[in-house]
Number of protein chains: 2
Amino acid sequence: MHEEIKDMLKKNNLSITGSREKILGLFLNQEGALAHGDIEKKAGEKFDRVTVYRTLQIFVEKGIIHTIPTADNSIRYALCKDNCSEGHHHDQHIHFQCTNCHNTYCLDDIVTPDIKLPKGYVSSHIEVVVEGTCKNCKSPVA
Amino acid sequence: MHEEIKDMLKKNNLSITGSREKILGLFLNQEGALAHGDIEKKAGEKFDRVTVYRTLQIFVEKGIIHTIPTADNSIRYALCKDNCSEGHHHDQHIHFQCTNCHNTYCLDDIVTPDIKLPKGYVSSHIEVVVEGTCKNCKSPVA
DNA sequence: ACAAAAAAAGCAACAATGTTGCAAAATAAT
DNA sequence: ATTATTTTGCAACATTGTTGCTTTTTTTGT
Ligand SMILES: [Mn+2]
Ligand SMILES: [Mn+2]
Ligand SMILES: [Zn+2]
Ligand SMILES: [Zn+2]
């Protein structure tokens with residue numbers, strides 16, 4: 001597991017440092033997505049806030065994690081599982097945000113749908129965020 | 001036009017004040033969506049920053065405007081055209097964000113698609129944001 | 001294993017954004 | 001017109017994000 005982390009960093013031409021190992025570890029041990037605040041709390045006790053910002057930034061650039069837009073003005077981050085690479089993401093799955101537990105999940109198997117746009121508009125990327133109740137929060141009988 | 005603004009405020013049980021008239025006017029004279037920063041710049045010169053926050057908040061609550069999530073951590077706001085009411089939005093259109101001019105548009109005629117979710121997930125609301133080149137920025141010949 | 005070079009982390013200072021409580025002012029109701 | 005209600009502006013503060021620079025750590029090459 002810890003070797004896996006080092007390998008991932010090496011594969012992306014990143015030097016192995018404490019903060020990168022720690023933060024990447026957080027993502028690997030996490031089902032859903034993480035908001036910046038979560039990461040600061042969990043990792044930031046050991047590291048400077050600025051380091052967390054810079055680590056997340058470089059992880060996004062390298063295609064290790066991707067961002068998920070949400071309506072509450074706090075970006076979430078999640079691991080890329082679509083073989084993204086430096087400067088080129090191709091995450092095309094949708095995201096689910098539970099209004100109950102407030103977790104955000106990548107639904108990696110659900111591909112973003114095609115959207116027919118009005119004449120003149122050209123699409124390069126589609127983000128779909130579905131809100132509702134997640135499988136863990138589903139009411140027992142419903 | 002100015003009567004229209006007052007009527008909208010009255011219809012929503014809001015008292016008629018300078019800041020509300022001004023900010024609602026901005027939205028009515030605007031094709032795309034407005035980021036908080038835009039509104040502060042255009043209206044905030046006359047009004048306190050706090051007033052802008054509170055005005056936007058109450059407009060959202062009343063169903064006069066809705067928010068649009070974006071990946072750059074700056075919520076955009078746009079007029080509701082779907083007869084939204086207090087506490088109950090039913091904007092079901094998609095949004096388009098131009099990577100060139102950075103405008104955000106409501107594509108009011110394009111309804112959000114149905115999404116087939118994995119077992120256990122229940123959807124209550126769907127947000128779709130398409131990125132690309134808008135009709136105004138389209139390259140001449142393409 | 002060591003020294004030199006390169007990269008990252010930490011620190012401090014700052015900018016931008018968002019929140020809250022309260023007194024003064026404006027608006028609405030009587 | 002007076003009173004009651006609502007909204008505003010202000011001040012103070014909290015949170016979030018950015019930048020430049022020095023020190024420390026990691027990597028590279030020997
Ligand atoms: Mn994802
Ligand atoms: Mn819209
Ligand atoms: Zn849940
Ligand atoms: Zn454009």
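Side chains are part of it too, since the values below use all heavy atoms of this structure and drop only hydrogens, waters and symmetry mates. Chain naming here is simple, since letters A, B, ... match the order of the sequence lines and numbering starts at 1 in each.
Across the protein-nucleic acid pair, B:Tyr53 atom OH and D:dA14 atom P stand 17 Å apart, rounded to whole Å. For the pair A:Lys22 NZ and C:dA8 P, the interatomic distance rounds to 21 Å; values are reported in whole Å. In this structure, the CD1 atom of A:Ile39 is 14 Å from the C1' atom of D:dT16, given to the nearest Å. The interatomic distance linking B:Gln57 (CD) with C:dT20 (C1') rounds to 12 Å, in whole Å. Protein atom CZ of B:Phe47 is 10 Å distant from nucleotide atom C1' of D:dT8, rounded to whole Å. Put simply, CG on B:Asp48 is 14 Å from P on C:dT19, counting in whole angstrom units. Regarding A:Asp38, its CG atom lies at a distance of 11 Å from the P atom of D:dT16, rounded to whole Å. Nucleotide C:dT17 holds its P atom 17 Å from the NE2 atom of A:His36, rounded to whole Å.
Where B:Val50 and A:Leu14 meet DNA chain C, the nucleotide closest to each residue was compared, and A:Leu14 sits on the side nearer the 5' end.
Taking a 4.0 Å limit (strictly below) on heavy-atom distances, residues 58-74 of chain B reaches DNA chain D at B:Asn73.
Residue B:Ser19 places no side-chain N or O under 4.0 Å from the OP1 or OP2 atom of D:dT7. Between A:Ser15 and the phosphate of C:dA6, there is no side-chain N or O to OP1/OP2 separation shorter than 4.0 Å. Put simply, A:Arg20 has a side-chain N or O that comes within less than 4.0 Å of OP1 or OP2 on C:dA8. The phosphate of D:dG9 has OP1 or OP2 within less than 4.0 Å of a side-chain N or O from B:Thr51.
Counting atom types as modelled, B:Arg54 pairs no side-chain N or O with a base atom of C:dG18 as donor and acceptor under 3.5 Å.
Between the side chains of A:His125 and A:Gln92, no donor N or O sits under 3.5 Å from an acceptor N or O. Side-chain atoms of A:His88 and A:His90 include no donor-acceptor pair closer than 3.5 Å.
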CA sep, side-chain torsions, deciding dist, call: A:Arg20, A:Ile58, side chain to side chain contact (heavy atoms under 4.5 Å, CB included): CA-CA 10 Å; A:Arg20 288 175 183 169; A:Ile58 204 160; 4.1 Å; yes
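Nearest to the side chain of B:Arg49, among D:dT8, C:dC11, C:dT19, sits C:dT19. Counting only heavy atoms from C-beta on, B:Thr17 has its side chain closest to C:dT27 among C:dA9, C:dT19, C:dT27.
A:Asp48 contributes a side-chain N or O that, together with a main-chain N or O of A:Val50, makes up a donor-acceptor pair within less than 3.5 Å.
Closest approach of B:Leu79 to B:His66, counting heavy atoms only: O-CE1, 3.3 Å.
Using bins of under 30°, 30° to 60° and over 60° for the plane-to-plane angle, the ring pair A:Phe96/B:Tyr121 lands in the perpendicular bin.
Under 4.0 Å is where a charged nitrogen must lie from a carboxylate oxygen, and between A:Lys135 and A:Glu31 at least one such pair does.
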